[in-house]
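Below is one structure, written out as structure tokens; the observations come after it.
Each chain gets a letter, A, B and so on, in the order the sequences are listed, and its residues count up from 1.
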Amino acid sequence: MRVSKYVLPTLKENPSDAVVLSHRLMLRAGLMRKESAGMYAYLPLGLKVLRKVTNIVKEEMDRAGAHECLMPELTNADYWKESGRWYTMGPEMFRIEDRNGLEYALGPTHEEAFTNMVRSVVSSYRDLPLNLYQINTKFRDEIRPRFGVIRSKEFIMKDAYSFDIDQKGLDESYNAMAKAYRRIFERCGLETIPVQADSGNMGGSTSEEFMVASEIGEEILLLCEKCDYRANSEKAEYQRPPVASKPASDELKEVHTPDIKTIEDLVKFFKCDEDKFLKSIIYIADGKPLMVVVPGSREINEHKLKNYVNAVELNLASDEIVQHFTGAPFGFAGPVGLKDARVIFDISVKDLSNAFTGANKKDYHYSGVNPVRDFEIKEEADVASARSGDICPKCGASMYEKKGIEVGHIFKLGYKYTKAMNLTVLDEKGEAVTPIMGCYGIGVNRTMAAIVEQCSDERGIIWPKEVTPFHVHLVGISKTDEETKAVDDIYDKLMNAGIDVLYDDRKASPGFKFADADLIGIPLRITAGKNFFANGELEFKERSKKEINNIPSEKIIDEINNYYK
RNA sequence: CGGGGCGUGGCUCAGUCCGGUAGAGCGCGUGGUUUGGGACCAUGAGAUCGGAGGUUCGAAUCCUCUCGCCCCGACCA
């Protein structure tokens, strides 16, 4: 492709509304343009990359035995009502009506659609296992789209759904995807961190997220320094911290604390460390109140709590319930003297001593609080969020935090949709069996952005070999018509050899062309300049390296093919 | 939804406080000179100053409303 005939609107300056690296570079390199908040249009160069990523995904999904389909974007509300999600999805789902008042949603995900399709296509255990996928646009009315294509209202996702006759089959389908995902991201040139993740409401089954480490990541990961334990903070467990505190010495005393409610207030009031306070929070789990106690500096992990108490719904209790449950208004709750109430102590609480906590009485706290002595620990669990410095649940070493962009997620979904939508097949005995599902997603354009985020330097993008929009960026620096003709011949020669070439044939200064080449980031730059016109040598430069090699023009095709081998 | 910031040629921004004939750089057109890291000279085109209403002799600038965009947070999965 000749640049003079192509659409390549590179920008020298950063567009004012792009803040993060990948967003800036994708706009500046002419890959895409913003349509509107959270919606982007791909230009030819960007589309080429997107297609490369898409093809890798397809190839690896197919290799793993999945089959590609394409679902409508406009999804009938009936199926959503059948699964119940029409009522539970909330405002994240774009809902529309046709002229007759029939309801639809713009597909935010496609469990229902696939389950429905499989229902009409499959009838025997012999048709299983089945893994179907599509690469299609998803619509989500995000609360706040941001970071360009990383979180947008409309995005491209590969979503796959597996159907197996039993748990063992699901395990196999899941493992095949776990393997395929590793290959996909590796081929994309992306370093991902697979982490254990919370599987949501589906009840304790396996789930793995593929994360790209990044400062702009919206997920927090906990990684062990020694072993391979890696988990999303929603899921991450930790071990009881070593006992460092002094023995119980202080007497339990009531202290007047007028209007001192938050940990922040208390730290100021008592002038001591956050962890001297037993933070006591009241929740309602499936209609029943319970108290959770953690040290002042820790956050309660609602995902872990919800799993631990096995609740479908978990919410913070209202002020009225707090008043009723503890006998005091919000801000003065504590485990001391709380009889017959369910209190869950985080594992980090037991070894605290001479602490403070709410006295379950307006404007009063206790000082000199000592677990066991002053209250019984009937129920203890790991319900606080793990954090940097905490002890690895697996090996006992220390863990650290990293932020990550989620590019893929695989999990064992279970029977939720097959049951709700009444999908059954007949087994060997002729009895109806409900298949079990797995669900596997990849954010395709998010992956593209993550690649840019990870593969760039101060001059621009550095595309990994497998996703580069062109193989070679040919830069011609010719001064005469004869010289131009000679470079044109090289271009033709490369094209005829099946090499995808972007040929900068513009009448521009060399510096201008080099700067554009660096910005666009094609891994190989071939320059036809002085040496070429003098003695037929082309410059061979890798985008990621400094050095330039001079290659006789007759050997250039071999060199290129060798590079891409 | 709460908080903060911003809308001025295609892009980046000045001008707004303190009202008085819309600016710069980049990009673009034309002519010429250049040509190994975003060349130079000359010349030219291009703006309902986000929109509507108001105040005023006069509004990019002041007032009211409104739309859009960005950032932080909450919410949500």
Side-chain angles (χ1 to χ4, degrees), chain A residues 3 7-20 23-24 27-30 33-40 85 87-94 108-109 111 138-148 150-153 155 157 159 197-202 207 209 216 218-219 232 234-235 299 302-303 306 312-316 406 409 411 413 416 439 441 443 457-460 473 475-481 483-484 487 504-520 525-534 537-539 541 543 546 548 550:
Chain A
V3 173
V7 191
L8 200 67
T10 53
L11 301 170
K12 209 187 293 189
E13 289 171 288
N14 282 317
S16 62
D17 52 7
V19 176
V20 306
H23 191 195
R24 287 175 166 181
L27 292 170
R28 285 189 49 204
R33 282 290 120 102
K34 185 167 78 178
E35 243 319 285
S36 166
M39 288 139 68
Y40 291 84
R85 286 210 283 185
Y87 313 102
T88 56
M89 275 294 262
E92 175 171 285
M93 187 151 80
F94 283 106
T109 175
E111 282 82 359
K138 296 277 180 273
F139 299 87
R140 290 187 194 170
D141 191 355
E142 290 286 345
I143 289 169
R144 182 148 90 87
R146 58 179 132 180
F147 305 148
I150 288 178
R151 181 172 293 277
S152 50
K153 285 186 171 166
F155 60 97
M157 181 161 156
D159 49 327
D198 187 61
S199 48
N201 295 339
M202 264 37 95
S207 172
E209 287 171 339
I216 60 159
E218 297 178 285
E219 308 289 334
N232 188 320
E234 291 176 355
K235 163 88 177 181
E299 299 297 325
E302 296 186 4
H303 299 275
K306 199 168 171 181
V312 176
E313 220 177 305
L314 180 80
N315 293 303
L316 276 175
E406 182 187 346
H409 189 180
F411 67 105
L413 186 51
K416 177 166 173 167
C439 177
D457 62 15
E458 63 291 339
R459 293 171 184 275
H473 197 136
V475 177
I477 303 177
S478 50
K479 300 188 179 71
T480 64
D481 287 351
E483 286 176 350
T484 303
V487 186
D504 197 339
D505 60 339
R506 292 175 294 185
K507 288 191 177 68
S509 69
F512 185 88
K513 293 181 179 180
F514 292 149
D516 255 2
D518 288 343
L519 177 60
I520 292 166
R525 190 183 81 195
I526 308 282
T527 307
K530 278 184 284 202
N531 279 334
F532 176 62
F533 305 123
E537 280 185 343
L538 293 161
E539 288 172 18
K541 182 183 174 299
R543 173 65 181 83
K546 272 225 162 85
I548 293 172
N550 289 307

Exercise for review: Answer with yes or no after comparing the ring centroid distance for A:His23 and A:Tyr40 against a 6.0 Å cut-off, counting only values under it.
Suggested key: yes
Practice item. Answer yes or no: are there more than 12 heavy-atom neighbours, outside A:Glu92 itself, under 6.0 Å from its atom CD? Key: yes
**Study point:** SB check A:Glu218 A:Arg146 (cutoff 4.0 Å)
**Key:** yes
Check your understanding: In terms of side-chain heavy atoms of A:Leu519, which of B:G38, B:C71, B:C69 is nearest?
Key -> B:G38
**Study point:** side-chain contact (heavy atoms from CB on, under 4.5 Å) involving A:Thr88 - partner list, sequence neighbours excluded
**Key:** A:Arg85
**Study point:** Results of side-chain contact (heavy atoms from CB on, under 4.5 Å) for A:Asp518 - residues two or more places apart only
**Key:** A:Arg459, A:Arg525, A:Arg543
Exercise for review: With C1' as the reference atom in both, quote the distance from B:A52 to B:G46 in angstrom, rounded to an integer.
Suggested key: 26 Å
N/O contacts under 3.5 Å, protein versus nucleotides 31-36 of chain B?
unit_1 : atom_1 : unit_2   : atom_2 : d
B:G36  : O6     : A:Gly529 : N      : 3.4
B:G36  : O6     : A:Lys530 : N      : 2.6
B:G36  : N1     : A:Glu539 : OE1    : 3.3
B:G36  : N1     : A:Glu539 : OE2    : 2.4
B:G36  : N2     : A:Glu539 : OE1    : 2.5
B:G36  : N2     : A:Glu539 : OE2    : 2.9

Review point. Quick one: does A:Glu234 reach the base of B:A77 with a side-chain donor-acceptor pair under 3.5 Å?
Key: yes
Check your understanding: Any side-chain N or O of A:Arg146 less than 4.0 Å from the OP1 or OP2 oxygen of B:C69?
Key -> no
Pull out every protein N or O sitting under 3.5 Å from an N or O of nucleotides 42-46 of chain B, one pair per line with the distance.
none

Practice item. Searching all strands shown, indicate the nucleotide that pairs with B:U35 (Watson-Crick or G-U wobble; both distances under 3.5 Å). Key: none
Practice item. Write down the distance separating the P atoms in B:G53 and B:C49, rounded off to the nearest Å. Key: 12 Å
Check your understanding: If we call it a pair only when both distances are under 3.5 Å in a Watson-Crick or G-U wobble match, what pairs with B:C76?
Key -> none
With a 3.5 Å cut-off and sequence neighbours excluded, list the donor-acceptor pairs that the side chains of residues 9-19 of chain A form with protein atoms.
unit_1  : atom_1 : unit_2   : atom_2 : d
A:Thr10 : OG1    : A:Asp516 : OD1    : 2.9
A:Thr10 : OG1    : A:Asp516 : OD2    : 3.3
A:Asp17 : OD2    : A:Lys34  : NZ     : 2.7

Hey, what are the protein-to-nucleotides 26-30 of chain B N/O distances that come in under 3.5 Å?
none

Check your understanding: Considering heavy-atom distances to RNA chain B, does A:Met89 or A:Asp17 have its closest nucleotide positioned more toward the 5' end?
Key -> A:Asp17
Study note, to complete from the structure: Ranking B:C69, B:A77, B:C13 by distance to the side chain of A:Ala37, first place goes to B:C69
Point to revise | Base-pairing mate for B:C26 - Watson-Crick or G-U, with both contacts under 3.5 Å | key: B:G10
